[in-house]
Amino acid sequence: MSRTLRYALVGALGASGVLLYLLALASANTETFARYYTALLTANAVVAAAMFAVVVGLGVRLWTRYRSKAFGTGLTTRLTIMLALMAIVPGTLVYTVSVQFLSRSIESWFNVRVDTSLESGLTLARTTLDAMLQDVAGRTRLMAAESNGVPDAALGMLLTRMLDQTGLQEAAVFTVSGRLIAAAGAGSARLTPDLPDAAVLKRAAEGRGYAGVESAARPGERGALRMRVVAPLSIRALGVETRVLQVLQNVPEALTASAESVQTGYRDYQELSLSRRGLRNIYTITLTLTLLLALFGAIVAAFYFSNRLSAPLSLLAQGTEAVAQGDFTPRGEIAGRDELGVLTQSFSRMTRQLDEARASVLQREAQLEAAKAYLERILVNLSSAVMVFDADMRLISANQAAEAILGIDASASQGRLLAELAGLTEFAAEVGESFATSGERVWQRQVEFIRAADERGLTLLLRGSRLDVSGGEGHLLVCDDISELVSAQRSAAWGEVARRLAHEIKNPLTPIQLSAERLKMKLGDKLGGGDAELLQRSTDLIVGQVNALKHMVDDFKEYARTPPAALASLDLNQLVREVLGLYESSQVPIQADLGADVERVQGDASQLRQVIHNLLQNAQDAVAGRDAPAIIVATSAIAGGARLTVTDNGPGFTPKVIGRAFEPYVTTKARGTGLGLAIVKRIVEDHHGTIALANREQGGAEISLTLRAAA
């Protein structure tokens with residue numbers, strides 16, 4: 001519940017209390033009720049409706065949270081229902097008893113005894129006033145009889161004397177037209193006589209008298225009663241206007257007050273009796289509004305206090321669940337000195353300490369992970385294969401270089417014996433033998449290994465040592481692929497051999513050839529028949545073999561003494577077109593697929609022309625005898641240079657040759673020296689490029705080389 005809504009509800013409760021008090025006062029005061037009861041009733045109804053709307057809104061919000069299974073809603077709901085029932089049940093009981101008591105009390109006010117008593121009192125007052133009026137009327141008639149025939153001048157003294165005798169207060173004689181003749185008593189000093197109304201004067205003119213009780217009209221006597229008696233006087237002369245005697249006598253104040261009190265009480269009683277149902281409804285409505293305001297206030301208070309009580313418990317429950325799930329983020333605290341506030345503060349401190357402890361642990365773990373990641377990066381970037389085994393030679397871990405060199409899947413091979421991995425049975429035997437014979441020493445060994453993935457032969461340098469692992473003693477194996485190094489060593493060795501062979505073989509070849517030709521020339525004419533033919537055949541064979549040896553020596557010389565490349569900017573596509581122009585009449589069609597976006601490259605045109613000739617010659621030899629031979633020469637642009645690719649649909653490279661194709665004297669041709677690809681590789685390396693060969697999936701071989709772009 002927000003602070004604004006809480007203040008608004010407190011203000012509404014205060015206003016409802018004031019309005020209820022004013023409504024109770026208006027219900028007890030008839031005049032106030034008549035003026036303000038409706039307005040007060042409306043104001044209370046508006047406040048009750050507003051509080052009802054608030055209760056409905058709070059209930060809907062609580063139900064929505066309950067339906068959505070928000071945490072802590074069940075506890076809030078139970079507390080709200082309990083607190084609301086604690087207010088509703090007693091309030092309803094008090095309301096029921098109050099309404100019944102009020103109904104019975106109102107009915108008891110209007111019983112027969114009260115009605116009879118009020119009527120008897122009113123009758124008694126009327127009888128007393130009638131008796132006093134008859135007494136005054138009798139005395140007035142006696143005074144009228146004595147005043148007949150008395151001259152006008154003597155009437156004043158007569159009236160004064162008769163007033164003293166009768167004890168009356170005021171008497172006056174006047175004509176029916178209102179002319180005062182004589183007056184005596186308390187009102188004789190007035191200039192204007194207190195005449196009766198016209199109806200009374202008319203009765204007097206007709207010879208009839210008048211007697212009645214009326215309200216005093218003199219200032220200071222408002223509310224007092226007085227008796228007025230009018231009696232006609234006898235007429236003894238013709239033409240004389242009729243005269244009347246009027247006597248005014250005040251009713252005693254005590255009797256007047258008593259009569260008015262009885263009359264007022266009787267009138268109020270009759271009014272209440274007539275509005276008995278309305279009075280019951282008024283008090284019932286007042287009590288109902290009071291009950292509703294009290295109940296709505298109690299329900300709102302129940303919502304408020306249930307939230308106050310359930311909020312700390314909800315925080316604790318949420319915090320407990322979060323801690324159980326590993327979330328140690330500090331929760332909110334309830335400000336207060338009570339037990340719940342202290343409990344939430346303690347729980348918050350505990351979670352904060354747990355969070356700090358976890359942060360410290362995570363920091364240490366992060367440091368360990370960073371160190372581990374650093375080592376893993378080092379191992380990943382190593383070109384050497386690094387593998388760790390347990391005591392039984394089961395693979396624990398391996399880096400990417402091990403996967404590339406040995407052709408294994410490190411993640412899928414963990415926990416398996418090295419001998420069980422595909423293609424590593426002989427390799428595992430050699431490694432196991434090396435570990436067994438080395439003891440605790442670090443050992444090193446060079447082995448020939450054929451990779452099962454592509455059946456490529458590799459030369460591996462193995463180094464092993466003992467290693468302590470988590471399960472006890474283990475083994476560490478480091479494997480380096482030295483195939484390129486061995487190939488370079490072989491190339492260097494072949495270069496030295498080529499130089500020596502070229503030097504040692506070339507010198508005797510010319511004398512041998514000359515001697516054979518001289519024998520043929522000197523003895524050809526002297527021999528006859530079969531001997532001459534034998535001589536011809538032998539000398540031709542000697543000269544042919546000498547020429548073959550000369551060609552082989554020239555190849556060795558070319559391999560051993562390749563001149564350095566004179567690099568310059570050239571158009572690779574134009575160079576390929578020039579070379580392919582020489583093969584237009586070739587029996588094997590050569591297809592060109594030259595990229596349009598190929599940039600100029602750095603190269604030696606003569607050496608690159610030799611490379612292309614060599615590759616095309618090898619491709620033609622490979623597709624010889626095929627039904628549909630095909631050779632494709634393609635160029636394409638790459639980042640920082642260009643790629644030249646030569647493909648054919650021949651038999652491709654055998655697994656044993658593909659790993660050593662660039663080594664001297666490695667060939668599949670019957671008469672080949674195996675120096676062609678070795679020379680190509682040396683030229684490409686002099687151009688700071690790369691060369692690679694592979695077998696195509698659809699059959700045939702593919703050789704691709706890359707060259708740098710021109711500056």
Least distance between heavy atoms, Ala182 atom then Gly156 atom: CB-N, 3.9 Å

Atom pair CD (Gln165) and OG1 (Thr160), whose distance is rounded to the nearest 0.5 Å: 11.0 Å

Look only at the side chain of Ser147 and the backbone of Met143, and say whether a donor-acceptor pair between them is shorter than 3.5 Å. yes

Quick one: list whatever passes salt bridge (charged side-chain N to carboxylate O under 4.0 Å, His left out) with Arg203, sequence neighbours left out. none

Donor-acceptor under 3.5 Å (Arg416 side chain, Glu420 main chain): yes

Measure the OG1-CG distance between Thr175 and Leu180 for me, rounded to the nearest 0.5 Å. 9.0 Å

Quick check for you: to the nearest 0.5 Å, what is the distance between Leu368 atom CG and Lys372 atom NZ? 10.0 Å

What is the minimum heavy-atom distance between Ala184 and Leu159, and which atoms define it? CB-CB, 3.7 Å

Step by step, would you call Ser360 with Arg364 a side-chain contact (heavy atoms from CB on, under 4.5 Å)? CA-CA 6 Å; Ser360 178; Arg364 294 191 183 93; 2.9 Å; yes

Kindly indicate whether the side chain of Val173, heavy atoms from C-beta on, has any atom under 4.5 Å from the side chain of Val244. no

Atom CG in Leu168, atom CG in Leu163: separation rounded to 0.5 Å? 6.0 Å

Please confirm whether the backbone N or O of Arg394 pairs with a side-chain atom of Asp392, one donor and one acceptor, at under 3.5 Å? no

Any donor-acceptor pair under 3.5 Å from Arg179 side chain to Phe174 backbone: no

Would you name the heavy atoms of Arg243 and Leu155 that are closest together and state the gap between them? NH1-CD1, 4.2 Å

All heavy atoms of Pro232 vs all of Ala144, minimum pair found to be O-CB, 4.4 Å

Determine the minimum heavy-atom distance between Val230 and Pro196, stating which atoms define it. CG2-CG, 4.3 Å

When rounded to the nearest 0.5 angstrom, what distance separates CD in Gln246 from CG in Leu248? 4.5 Å

Under the criterion side-chain contact (heavy atoms from CB on, under 4.5 Å), I'd like the reasoning laid out for Glu403 against Asp409: C-alpha separation, chi angles, the key distance, then a yes or no. CA-CA 6 Å; Glu403 296 181 348; Asp409 187 352; 4.1 Å; yes

Using a 4.5 Å cut-off on heavy atoms from C-beta on, say whether the side chain of Leu395 contacts that of Phe389. yes

Out of curiosity, Met162 CE to Thr140 OG1, how far, rounded to the nearest 0.5 Å? 9.5 Å

Gln169 side chain to Gln249 main-chain N or O, any donor-acceptor pair under 3.5 Å? no

Could you check whether any side-chain heavy atom of Thr64 comes within less than 4.5 Å of a side-chain heavy atom of Arg67, counting everything from C-beta outward? no

